[in-house]
Amino acid sequence: MNILPILGIALVAAVLVVLLRQYKPEFALPVEICAAVLILALLIPTVTDIFHSLRDLMDLSGMDVQYFSLLVKAVGITVIVQLTADACRDSGETALAHKVEFAGRAAVILMILPMLAAVAEFAIGLIEG
């Protein structure tokens with residue numbers, strides 16, 4: 001993974017946002033969002049490699065593939081929630097950002113409840129022998 005293009009995009013976007021906030025504040029948020037999307041696009045190959053490695057580990061462990069699917073969905077939700085909350089904070093809506101983060105946490109917890117139940121059953125099975 002080459003981090004330099006990501007750092008370059010972030011620095012250029014930061015300078016642009018600072019300048020735009022002084023002269024044209026309505027353009028600052030779209031520039032931030034575009035930079036975030038571009039950085040995420042550059043991260044796709046790295047994230048894909050990570051997920052392939054995790055899937056290989058899941059296959060070796062013998063766990064059900066549906067749990068890996070839950071993991072991928074949970075990570076996706078957290079990334080989207082974080083970007084949305086950051087955009088809210090950048091536009092001065094801190095309270096709204098907290099609500100978005102809370103909704104994201106609730107969504108992830110709700111989604112992984114079946115996996116937590118399976119882990120609990122597995123642990124009980126080990127304890128009972």
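- Through chains of ILVMFWY side-chain contacts below 4.5 Å, L126 is grouped with F122.
- Evaluation of the salt bridge (charged side-chain N to carboxylate O under 4.0 Å, His left out) test over residues 10-36, restricted to residues two or more places apart or in two chains, returns R21-E32.
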Side-chain donor/acceptor pairs under 3.5 Å, residues 5-17, sequence neighbours excluded:
none

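- Contact record, P45 with A41: CD-O, 3.9 Å, taken as the closest heavy-atom pair.
- Listed by first and then second residue, the side-chain hydrogen bond (donor to acceptor under 3.5 Å, both in side chains) pairs that reach into residues 36-53 come to none, sequence neighbours excluded.
- Hydrophobic clustering places V72 together with M115 (ILVMFWY residues linked when any side-chain heavy atoms are closer than 4.5 Å, directly or through intermediates).
- Counting all heavy atoms, side chain and backbone alike, L20 lies closest to F27 at CD1-O, 3.7 Å.
- Cluster membership check: L110 shares its hydrophobic cluster with V75, using side-chain heavy-atom separations under 4.5 Å among Ile, Leu, Val, Met, Phe, Trp and Tyr.
- In terms of hydrophobic clustering, with Ile, Leu, Val, Met, Phe, Trp and Tyr side chains grouped at heavy-atom distances under 4.5 Å, V31 and L38 are assigned to different clusters.
- Residues F51 and L70 are members of one and the same hydrophobic cluster, defined by side-chain heavy-atom contacts under 4.5 angstrom among Ile, Leu, Val, Met, Phe, Trp and Tyr.
- Within the hydrophobic cluster formed by Ile, Leu, Val, Met, Phe, Trp and Tyr side chains joined at under 4.5 Å, directly or through other members, I124 stands alone, with no partner residue.
- Atom CD1 in I39 sits 12.5 Å away from atom CD1 in I44 (nearest 0.5 Å).
- Annotation for V18: hydrophobic cluster partners, listed by chain and number, are none (ILVMFWY side-chain heavy atoms under 4.5 Å, direct or chained).
- Counting only residues at least two apart or on different chains, the salt bridge (charged side-chain N to carboxylate O under 4.0 Å, His left out) pairs with a member in residues 100-118 are R89-E101.
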Side-chain donor/acceptor pairs under 3.5 Å, residues 92-99, sequence neighbours excluded:
none

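- Residues S91 and L29 approach most closely at CB-CD2, 4.2 Å, considering heavy atoms.
- Qualifying side chain to side chain contact (heavy atoms under 4.5 Å, CB included) partners for L60, counting only residues two or more places apart in sequence or in other chains: none.
- Here the shortest heavy-atom pairing between A36 and L83 reads CB-CD2, 4.0 Å.
- Judged as a salt bridge (charged side-chain N to carboxylate O under 4.0 Å, His left out), not a single pair has a partner in residues 69-81 (not counting sequence neighbours).
- Applying the side chain to side chain contact (heavy atoms under 4.5 Å, CB included) criterion to V37, with sequence neighbours excluded, gives I33.
- Within the structure, the salt bridge (charged side-chain N to carboxylate O under 4.0 Å, His left out) test picks out no pair touching residues 110-123 (sequence neighbours left out).
- The structure places CD1 of I77 at 3.0 Å from CE of M111, a figure rounded to the nearest 0.5 Å.
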Practice problem: Could you go through the side-chain contact (heavy atoms from CB on, under 4.5 Å) check for V79 and V47 one step at a time? | Solution: CA-CA 12 Å; V79 168; V47 172; over 6 Å; no
